[in-house]
Participant: 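What follows is a single structure, and I will ask about it in a moment.
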Amino acid sequence: MKNIILRTATAYLIPLLLLFSVFLLLRGHYHPGGGFVGGLVASIAFVLHGFAFKMQNTLRLMKFHPSKFIPVGLSVSIISSILPMFFKKPVMTGLWLNKPLPILGNVGTSLFFDIGVYLVVIGVTLNILFTISDSGQQ
Amino acid sequence: MTDILFIILCTIGSLVTLVAAVGILRMPDFYMRLSVTVKASTIGSGLLLLCAAMYFNVPDVTNRAMAIVLFLILTAPVAGHMIGRAAYMGKAKLWKDSKLDELEGMYDEDHHLRSGQSKKELQENDEKKADIQP
Amino acid sequence: MTNQLFTNIMLTLIWVMLSGNTSIPNFGFGFALGFVILYLTVRGVDNRRYFYRVPRLVRFVLRYIYEMLKANLQVTRTILMRKMDVAPAIIKYPLEAKTDFEITMLSNIISLTPGTLVMDISDDKKVMYIHTLYYKDKDSFIKYIRLNLEIKLLEVIR
Amino acid sequence: MTLYYLLYFFALPVNCIAMILVFIRIYKGPTVFDRIVALDLLITMGIGTIAIYSIITKQPLFLDVAMILALIGFLSTVAFSYYLEKRKDND
Amino acid sequence: MILTIFSGLILALFCVPFGRQINKKLSNFLFLIPLSGFIYFLLQLPLILAGQTKTVRYEWVPTFGINLDFYLDGLSLLFSLLITGIGTLIFLYAAAYLKGKQYLSRFYGYLGLFMTAMLGLVSSNNIILLFVFWELTSISSFFLIGFDNENEEAQKSALTALTITGGGGLLLLGGVILMSNIAETYSIKAMVFSAEELKNHSWYGFILLSIFAGAFTKSAQFPFHFWLPNAMKAPTPVSAYLHSATMVKAGIYLLARFTPILGNTSLWNYSLMFVGGITMLYAAFHSLFRVDMKGILAYSTISALGILVFLLGIGTKDAYIAASVFILVHALYKATLFLVTGTVDYATGTRDIRALAGLRKVLLPVAIAGIIAALSSAGVPLFYGFIGKDLIYEATTHSFSLDSTFLTVAAILTNIFIGYSGLLVGIKPFTGKLSEEHSTVRLPGWKLWLPPFILAFCCIIFGCFPGRTSGLMSYVASAIAGKHFNLDLKLWHGVNTVFLLSMITLTGTAFIYFSRRVTNRELIILSTFNKLAPAYLVKKVTDGLLAFAKKFTNTMHNGYLRNYTMTIVLFMVGILSFKLLNGTPLTIDWYHLSPVSFYEVTVAILMLGAIFLSAITKSRLTALVALSVVGYAICILYVMYGAPDLAMTQFAIDTLTVVLFVLVLFKLPPFLNFTNTKIKLRDGLISSAFGGIIGWIALTVLNESVNKEVSPYYAENVYKLAKGKNVVNVILVDFRGFDTMFEIIVLAMASIGVYSLLKVKVKKSERE
Amino acid sequence: MELLLVIMIAILYASGIFMLLRRSMVRLLMGIILIGNGANLLIFLLGGITPGKPPVIAETKSVFTEAYADPVPQALILTAIVISFGIQSFAIVLLRQVYRLLESDDLDDLNTPLEEDI
Amino acid sequence: MIQHLIILPVLVHLITGTVNLFFWGKPQPQRVMSLLGTFTAMLIAFALFNQVRSEGVMVMHAANWKAPFGISFVADTFSSSMVLFTSFAGFAVSLFSAAGISAVRAQYAFYPIFHFLLMGLNGAFLTGDLFNLYVWFEVIIMASFVLITLGGSKAQMEGGVKYVSLNLLASVIFLTAIAIVYGLTGTLNLADLAITLPNIKNQGLINITALLFFIGFGIKSAVFPLYFWLPSSYHTPPSAVAAIFAGLLTKVGVYAMLRMFTLLFHPDDFMTAIILIISLGTMLTGALGAIIKTDLKRMFSYLIICHIGYMVGGLALFTQAALGGAVFYLFHDMMIKTNLFLIAGVIKKIRGTTNMPKLGGLYHSYPKFALLVAIVIFSLAGTPPLSGFWPKIYLFQAGFANTSWASNYYVIGLIFSSLITLYVLAKMWKDVFWKKQPDTQIHVPDHFQPLSFMKKLSLILPIVFLASITLYIGLDAERVLTVANDIAKEMLNPKPYIKAVLGHL
Ligand code: NA
Ligand code: NA
């Protein structure tokens with residue numbers, strides 16, 4: 001399917017969606033949003049790209065297979081949740097930097113946990129969709 | 001002053017939305033429904049969002065409301081175009097009183113769209129050529 | 001290069017707009033974020049041109065809003081009338097616009113105008129098929145689009 | 001206060017009625033294209049409704065939902081169109 | 001003592017790693033193991049004769065009160081001596097009989113296991129321990145019967161034997177547990193003190209039923225007897241050991257052991273007399289029509305077991321004495337006859353009584369043993385069998401329970417037939433003219449004739465000097481009766497009723513033996529009555545059960561998912577509505593409910609309309625659109641009730657689901673409408689009922705006032721301690737972060753699952 | 001309003017079950033989705049509903065100053081939604097594979113002879 | 001340090017699974033990692049078990065929020081012993097998979113999912129939070145969905161659809177019950193609920209909720225008449241997968257049932273009667289099904305169902321003996337059922353089929369393997385003094401002690417189904433081992449013989465390992481019995497549990 005309008009629109013929508021997804025991710029602790037919705041929006045950006053430019057091109061754009069996000073995201077989440085164990089605190093206990101950072105506000109393990117969730121969601125969604133469309137081509 | 005503007009925006013927005021709804025119910029064929037409604041409602045929702053932006057009057061919220069309007073304007077026509085095209089390929093019928101359909105026969109099997117002559121015309125041309133050459 | 005910079009700045013602004021935080025570091029962060037995203041996405045996509053001249057833009061926007069209101073009223077009347085005064089048709093419209101961006105923008109504003117809808121664009125990007133509710137004759141329709149929308153738009157973005 | 005009344009007793013009901021009318025189109029069809037368009041319209045109307053609702057409740061947070069609706073709502077229409085273009089016969 | 005009991009088990013374990021050596025050389029020396037056991041038990045004899053008992057106790061499962069609690073009294077000792085004594089001979093005999101066979105090591109393993117089981121069984125004082133050994137005998141017998149494993153008949157017989165004895169065993173377990181529950185002890189010795197309580201308990205009938213079930217199946221009483229003739233598929237030494245001398249007597253042992261605890265009630269006595277009587281007559285009669293030596297012996301064994309049960313049923317002192325003596329009598333001559341049969345079979349290759357004659361010329365020692373055993377079984381004076389028979393008549397004539405004449409006649413008849421079958425097996429093959437084909441038969445090695453010879457010798461020794469056994473026998477009978485009495489066995493009582501009865505029996509036996517031509521013609525005639533035989537009935541029942549099982553299983557699990565779902569839903573609807581209608585009244589507290597606003601109604605209309613549309617539409621895509629509307633309506637609902645996070649997620653996921661569906665729907669066939677309106681109506685009713693129940697429950701729950709503790713705590717601490725303002729998100733990443741941690745694992749797995757569904761294809765050749 | 005929600009939930013459950021009882025696999029999937037939504041709404045309803053008050057502390061404050069919706073059910077539902085998303089996507093693909101192998105959307109065709117060698 | 005130990009059984013599998021994901025497509029490192037992981041898990045489980053035995057109930061509050069507010073992990077004797085037995089089964093299956101799982105499966109999804117499954121099981125055992133339990137259940141079913149369809153054969157797909165649909169139905173019912181509980185109490189912590197629920201005025205409602213939980217877990221643990229997914233699917237996946245399913249999946253349903261009905265609810269008369277009837281039905285269904293099935297795996301599937309009935313009935317009788325018996329049986333069953341399917345896997349390797357009419361002659365060709373199997377099947381048949389025997393004593397005792405009419409049926413069912421089990425297993429022994437191999441199968445190559453020694457070892461060792469545990473359970477029944485009794489006491493008196501979690505009563 002060659003569709004100029006969709007392609008052009010997609011080209012400017014994707015950065016927007018990605019931006020928006022990061023926005024949702026980072027503000028989750030204070031406002032509606034968070035890693036999960038953020039991840040969904042980010043993956044929707046790539047899905048859109050897939051619809052417009054064919055999934056193979058999207059894969060090429062991403063350079064590596066989105067399934068790689070899954071273990072990375074999981075690791076981020078796991079590490080941020082077991083990190084407190086090394087400080088003699090139970091798993092998942094929030095560890096916070098003493099001072100709030102600019103923009104991000106308070107930075108703690110739960111932020112990284114959410115980032116892990118974000119990555120996993122992207123990986124999962126895209127992996128599912130790309131696998132399906134890939135096997136559909138055969 | 002703001003209040004009046006507010007009321008106007010809000011009323012118009014709601015009414016436009018309603019008109020769009022009536023439109024989608026009343027219009028006789030798919031393309032007309034599509035052509036009437038998507039933008040009408042975009043305008044309606046846009047106005048209501050404008051209303052919200054003004055009401056809250058906090059930069060944060062206002063920006064967000066305006067961003068939504070922007071998103072709507074960016075996405076609605078694309079969606080309309082997509083579904084319209086799919087419907088045409090999917091042989092959704094035009095209204096019986098339609099005046100002209102220049103798109104007819106312009107798609108080939110692989111859904112490529114020609115700019116020049118339609119398939120029918122091409123065929124006729126071929127036949128003509130065949131006539132000329134003995 | 002210019003285009004990318006421009007896009008980047010735009011993304012930065014949107015970021016600032018979204019987050020509602022106008023502090024300097026937030027600008028920096030937004031810029032960096034935009035840069036990263038652009039770096040990730042811009043590959044392989046055609047060059048695009050953004051807003052060219054602000055005044056033309058303003059003029060165009062005003063003009064467009066006017067056209068839209070007009071069209072809206074007409075459509076509203078149609079919808080609410082007992083017997084609709086419609087004469088739908090799909091018309092082939094030869095394009096002046098050349099680049100994908102131009103074509104897309106044009107098609108979007110046509111589609112956003114009530115009563116008209118872009119059905120499709122030919123593969124060679126030479127013509128656009130437009131569905132209209134109020135068909136009188138082909139030439140006047142093409143002229144209307146050309147004068148009121150396409151030329152004005154191209155002025156802005158070229 | 002008048003604004004509240006206007007919104008609550010005029011804008012919101014009108015939007016609701018509009019949504020129901022659109023739903024009638026979804027229900028009636030007749031083609032699946034009509035339904036998809038109507039769904040798209042329904043989502044767009046939802047954005048307006050949420051805007052009103054957020055004013056009524058004085059909760060700007062709801063606009064975030066509207067933002068999501070606006071950004072990704074059209075994706076399902078795109079997906080439907082994609083499907084309808086690709087499929088060979090009727091579903 | 002423990003070592004003695006478990007020596008067999010040790011042997012069995014030893015057989016696993018050293019199987020090869022046993023196959024070759026060691027088998028000749030294995031008899032030393034039971035022999036040492038025998039000597040050990042012989043050494044205990046003075047102790048018992050002195051009126052003492054021996055107890056050994058080790059902790060095993062003290063929580064249960066189940067310990068290795070062994071106890072040796074007269075009864076146990078008699079059995080132990082039989083087990084080890086005959087065991088020694090069998091081990092010796094088998095070493096020669098099975099020489100060169102495959103899996104000899106396993107055979108010895110099973111045999112050792114069996115010996116342990118038997119010894120344990122007869123010497124346990126703990127009732128559960130007794131059961132443990134009881135089951136072990138069944139298992140080891142299973143392996144021994146099926147030793148010739150590629151013979152289909154052997155497999156089947158082993159299975160039948162195991163199933164029947166196993167079934168009896170399970171019932172026995174029930175009874176045993178019940179007994180111990182009532183008596184509040186596992187010790188058999190201690191249970192005697194609760195005897196009255198047990199007998200008067202309302203479960204007494206059930207206890208008896210289950211004990212009998214165990215005993216009767218094990219001891220092959222009518223109508224469970226049929227497994228025993230089938231079990232003759234086992235190698236002959238096994239038959240001799242298990243199916244005549246020891247295992248089948250386990251049931252007798254059990255009854256004898258429990259007599260002081262449960263016995264001497266009319267229920268006990270009459271049922272035992274009845275079952276024993278029928279068994280002894282039925283089996284004795286049946287033994288007439290067999291031509292296979294082992295077949296004859298099998299039925300006469302059943303008959304003898306019947307006599308024992310019968311005697312225990314009579315329940316007088318005389319009967320107990322008779323039973324005690326008859327146990328030994330029967331073990332001696334029956335084991336001899338089996339071993340003789342085995343040797344004859346080994347030497348000639350046949351067991352058909354019609355084909356065998358005059359073998360005394362070639363198998364003299366065997367013939368001697370056979371003849372002695374036969375005479376003993378016929379109850380000829382000077383043989384131990386005579387003593388046994390005497391005592392039986394003593395018991396029947398002096399019984400006070402039933403018409404003693406009736407009992408006596410039954411006993412006489414049985415004894416005649418048993419005697420006849422003994423003569424048939426022990427004498428017939430050796431007298432008369434040696435047939436041509438058997439003229440070249442050579443006497444096999446000493447291991448194959450010495451053991452029966454020794455046993456036969458015992459028959460004479462004990463027969464001539466019965467007084468030598470009276471000491472032990474008195475303690476056996478005392479153990480059965482539960483009170484001590486003395487006893488003096490004498491060869492000659494003078495001419496009295498009992499003597500006359502013995503003579504009548506002898507005459508009868510002789511008459512049949514000399515007048516009847518051996519044939520199985522009658523058996524063929526009899527087989528028309530097979531439809532009434534227990535074996536046939538059991539087969540019928542089994543077939544019926546199988547057919548029922550097939551029908552039931554395939555009806556329930558019929559392959560149709562919707563039927564499964566339907567069953568589950570119906571079950572839920574039934575059980576929940578029953579409970580709702582009984583005890584959960586529905587009261588709606590209208591004041592508590594918030595008012596309905598029009599926008600909520602709108603959402604409801606959207607949702608319900610969309611649900612309806614999705615249910616009735618014939619287009620898959622329309623259903624998908626409708627589904628999106630449902631999701632969208634829920635999203636709006638979430639917004640209205642202050643759940644923006646939820647609304648966002650719901651909508652994003654709905655959109656992605658649509659995308660997924662769309663990518664998948666491509667290849668699907670048309671959306672068919674398979675079911676008719678009637679079925680739809682039915683399903684509609686059932687599902688509405690289910691929905692209604694859920695609604696009802698929800699309304700009832702809404703009525704309850706809740707004192708929430710958790711969410712206020714979150715609200716209070718969300719900013720202070722968790723540094724966030726969006727409580728929902730903070731719950732997700734902090735308060736209840738664990739849920740989220742593993743919810744993303746679910747997602748990851750889903751994604752891996754999709755990948756593996758679509759990409760991982762295992763070729764047929766690579767399966768497993 | 002609770003009453004209306006109860007009705008919606010009841011109908012979501014009922015229609016979910018109804019769809020589960022159909023022979024078409026696509027409907028089966030839709031049934032699963034519907035009934036899942038019903039369960040989520042049930043949590044939402046029984047957790048107690050509060051219109052228009054999201055459990056988010058206002059920008060300028062550090063504690064709640066007015067009533068707010070119970071956040072716990074929301075968090076639970078969020079988790080449940082995410083989980084069902086994963087499971088649904090798997091189920092959708094499973095449906096596709098089944099169709100690929102059996103060339104049928106009919107659940108009644110999922111019956112290879114009982115004793116076939118696996 | 002103490003706190004960390006509780007969560008380690010979960011974390012070790014979480015980490016192993018995740019690390020395996022990094023080795024996507026490379027079977028060898030995954031195998032090694034998996035073995036390492038399951039072995040470590042076993043050590044951890046031992047440590048946890050010992051610690052719980054010596055120190056009593058242990059609690060860890062995740063994220064350091066005190067009891068009803070965060071998610072608490074609780075290790076009492078019951079949960080820690082479940083973790084222990086799971087770790088045995090996990091180790092055995094991991095070892096078995098090294099040769100028992102085809103390369104394609106091992107390359108991709110098998111190992112990560114396998115570890116996530118074990119993680120889910122451990123989590124379900126250890127969690128002290130109702131909703132968290134739901135999450136664990138979802139982890140478990142998602143993992144099982146993947147494993148049961150992994151390989152993509154037609155039979156797997158067919159079984160998979162049924163498995164997935166019915167299990168999802170169960171999840172929904174579970175979730176519904178959770179909704180009601182939260183609606184009634186506003187809390188999700190099990191210990192907190194144990195205090196709160198009895199104070200609810202409308203006890204009828206509590207009973208309804210209990211029923212819903214029972215149905216939800218009943219589907220998961222495959223009781224009559226909710227069992228259909230099990231015989232539809234368990235015979236389809238590779239044996240290693242079926243083994244872990246058979247040993248652990250239905251058992252986690254039983255575990256949850258036991259936990260719920262001792263901590264939160266107490267079966268009333270109606271419930272007792274219902275459960276007893278269900279348990280009778282379950283035993284009969286399983287027994288009748290097992291009789292007629294000629295395929296080993298299908299037969300074992302029905303045996304699983306049959307024996308679930310024992311445990312469920314134990315719950316209904318609700319005395320110390322009954323609960324102790326049920327728990328003991330649970331342990332025994334976990335080991336045996338895992339082993340049965342591993343055995344089926346080896347048989348399949350040897351003969352290329354698990355269809356009994358086509359099998360035979362294994363007694364001749366693999367005598368030591370035959371002996372090994374004999375131990376397992378006679379343990380399962382409840383032959384004394386092997387492991388299946390002891391719990392039966394308790395169950396009988398409890399059945400007799402209970403005076404309700406339904407308990408009589410339970411006892412009868414127990415006897416009947418034990419007999420059928422014995423028959424079925426003896427028949428299997430006869431068909432698979434004693435019988436001559438039918439001529440039709442002679443040409444099927446033996447895939448076991450040509451394997452390298454290491455591979456053979458990896459197939460046989462787990463069976464030996466599990467069989468020795470079974471033997472240990474049977475012969476040193478005292479140990480296990482003490483544990484089972486303590487668990488039963490814990491169940492009947494949840495106060496220490498509650499106190500440990502909440503810090504007060
Ligand atoms: Na969030
Ligand atoms: Na989340």
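This is a predicted model, so every value here is computed, not measured. Residue numbers begin at 1 in each chain, while the letters A, B, ... track the order of the sequences. These numbers come from the heavy atoms of this one structure, side chains and all, not from hydrogens, waters or symmetry mates.
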Participant: So what's closer than 4.5 Å to chain G heavy atoms on E:L173: side chain, backbone, both or neither?
Facilitator: side chain
Participant: Counting only non-hydrogen atoms closer than 4.5 Å, does E:W203 touch chain G with its backbone (N, CA, C, O), its side chain (CB onward), both, or neither?
Facilitator: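 Side chain only.
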Participant: Any chance you could measure E:L159, atom CG, to G:L422, atom CG, to the nearest 0.5 Å?
Facilitator: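 Rounded to the nearest 0.5 Å, the CG-CG separation comes out at 8.5 Å.
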Participant: Taking atom OG of G:S232 and atom OH of E:Y560, what is their separation to the nearest 0.5 Å?
Facilitator: 13.0 Å
Participant: Against chain E, work out which of G:F433, G:W229, G:F110, G:Y302 has the most heavy-atom pairs shorter than 4.5 Å and name it.
Facilitator: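 It is G:Y302.
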Participant: In terms of heavy-atom proximity below 4.5 Å to chain G, should E:Y564 be classed as side chain, backbone, both, or neither?
Facilitator: both
Participant: Could you measure the distance from the CD atom of G:E478 to the CD atom of E:E59? Nearest 0.5 Å is fine.
Facilitator: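 Here the rounded value is 7.5 Å.
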Participant: Is it the backbone or the side chain of G:F145 that comes under 4.5 Å from a heavy atom of chain E, or both, or neither?
Facilitator: neither
Participant: Which atoms of E:L129 come close to chain G, meaning under 4.5 Å heavy atom to heavy atom: side chain ones, backbone ones, both, or neither?
Facilitator: neither
Participant: Considering only heavy atoms, which portion of G:Y363 lies under 4.5 Å from any heavy atom of chain E: side chain, backbone, both, or neither?
Facilitator: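 Its backbone and side chain both get close to chain E.
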Participant: Check each atom of G:D192 against the heavy atoms of chain E and say whether the ones under 4.5 Å are side chain, backbone, both or neither.
Facilitator: side chain
Participant: Holding to side-chain hydrogen bond (donor to acceptor under 3.5 Å, both in side chains), I want the full list of residues that pass it with G:T209, two or more places apart in sequence or in another chain.
Facilitator: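 side-chain hydrogen bond (donor to acceptor under 3.5 Å, both in side chains) list for G:T209, sorted by chain: empty.
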Participant: Name the residue from E:L747, E:I752, E:V746 that meets the side-chain contact (heavy atoms from CB on, under 4.5 Å) definition with G:M142.
Facilitator: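 Testing G:M142 for a side-chain contact (heavy atoms from CB on, under 4.5 Å) against E:L747, E:I752, E:V746 leaves exactly one candidate, E:V746.
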Participant: Where does the angle between the aromatic ring planes of G:F378 and E:F143 fall among parallel (under 30°), tilted (30 to 60°) and perpendicular (over 60°)?
Facilitator: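 Perpendicular: the ring planes of G:F378 and E:F143 meet at over 60°.
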Participant: Hey, which of E:K156, E:E704, E:E152, E:K708 has the most heavy atom pairs under 4.5 Å with chain G?
Facilitator: E:E704
Participant: Can any side-chain N or O of G:W434 pair as donor or acceptor with the backbone N or O of E:A154 at less than 3.5 Å?
Facilitator: no
Participant: Out of curiosity, E:D739 CG to G:N132 CG, how far, rounded to the nearest 0.5 Å?
Facilitator: 4.5 Å
Participant: Less than 4.5 Å to any heavy atom of chain G: does that hold for the side chain of E:N181, its backbone, both, or neither?
Facilitator: side chain
Participant: Using heavy-atom distances under 4.5 Å, tell me whether E:F548 contacts chain G through its side chain, its backbone, both, or neither.
Facilitator: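 The side chain, not the backbone.
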Participant: Measure E:I694 against the heavy atoms of chain G and call it side chain, backbone, both or neither at under 4.5 Å.
Facilitator: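 It is the side chain, since no backbone atom gets that close.
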Participant: Can you tell me which portion of E:S711 sits under 4.5 Å from chain G's heavy atoms? Options are side chain, backbone, both or neither.
Facilitator: side chain
Participant: Would you mind checking which part of G:V411 comes under 4.5 Å of any heavy atom in chain E, side chain (CB onward), backbone (N, CA, C, O), both or neither?
Facilitator: neither
Participant: So for G:L169, is it side chain, backbone, both, or neither that comes closer than 4.5 Å to the heavy atoms of chain E?
Facilitator: side chain
Participant: Roughly how far, to the nearest 0.5 Å, is CZ of E:F742 from CD1 of G:I140?
Facilitator: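 Nearest 0.5 Å value for the CD1-CZ distance: 12.0 Å.
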Participant: Measure distances from G:W390 to the heavy atoms of chain E and classify the residue's part below 4.5 Å as side chain, backbone, both or neither.
Facilitator: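 Both parts, backbone and side chain.
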Participant: Sort E:F142 into side chain, backbone, both or neither according to what part of it lies under 4.5 angstrom from a heavy atom of chain G.
Facilitator: both
Participant: Please look at E:L546 and chain G and tell me whether the side chain, the backbone, both or neither of the residue comes under 4.5 angstrom of a heavy atom of that chain.
Facilitator: both
Participant: What part of E:L162 lies closer than 4.5 angstrom to a heavy atom of chain G: side chain, backbone, both or neither?
Facilitator: both
Participant: Any sub-3.5 Å donor-acceptor pair from G:K430's side-chain atoms to E:A158's backbone N or O?
Facilitator: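 It does not hold such a pair.
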Participant: Where does G:I278 contact chain E at under 4.5 Å (heavy atoms): side chain, backbone, both or neither?
Facilitator: side chain
Participant: Among G:L212, G:I291, G:L166, G:T285, single out the residue with the greatest number of heavy-atom pairs under 4.5 Å to chain E.
Facilitator: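 Looking at each option in turn, the highest pair count goes to G:L166.
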Participant: Counting only heavy atoms closer than 4.5 Å, note whether E:L178 contacts chain G via side chain, backbone, both or neither.
Facilitator: both
Participant: By salt bridge (charged side-chain N to carboxylate O under 4.0 Å, His left out), which residues pair with G:K435, not counting sequence neighbours?
Facilitator: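 G:K435 satisfies salt bridge (charged side-chain N to carboxylate O under 4.0 Å, His left out) with no other residue.
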Participant: In terms of ring plane angle, is the pair E:Y713 and G:F69 parallel, tilted or perpendicular, where the classes change at 30° and 60°?
Facilitator: parallel
Participant: Which answer fits G:I420, side chain, backbone, both or neither, if we ask what part of it has an atom under 4.5 Å from a heavy atom of chain E?
Facilitator: side chain
Participant: With a 4.5 angstrom heavy-atom cut-off, which part of G:L184 approaches chain E: side chain, backbone, both or neither?
Facilitator: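 When you check distances to chain E, atoms from both the backbone and side chain of G:L184 fall under 4.5 Å.
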Participant: How many angstroms lie between atom CH2 of G:W65 and atom OH of E:Y714, to the nearest 0.5 angstrom?
Facilitator: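 These two atoms lie 9.0 Å from each other.
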Participant: Tell me, side chain or backbone of E:F571 under 4.5 Å from chain G's heavy atoms, or both, or neither?
Facilitator: side chain
Participant: In terms of heavy-atom proximity below 4.5 Å to chain G, should E:Q155 be classed as side chain, backbone, both, or neither?
Facilitator: both
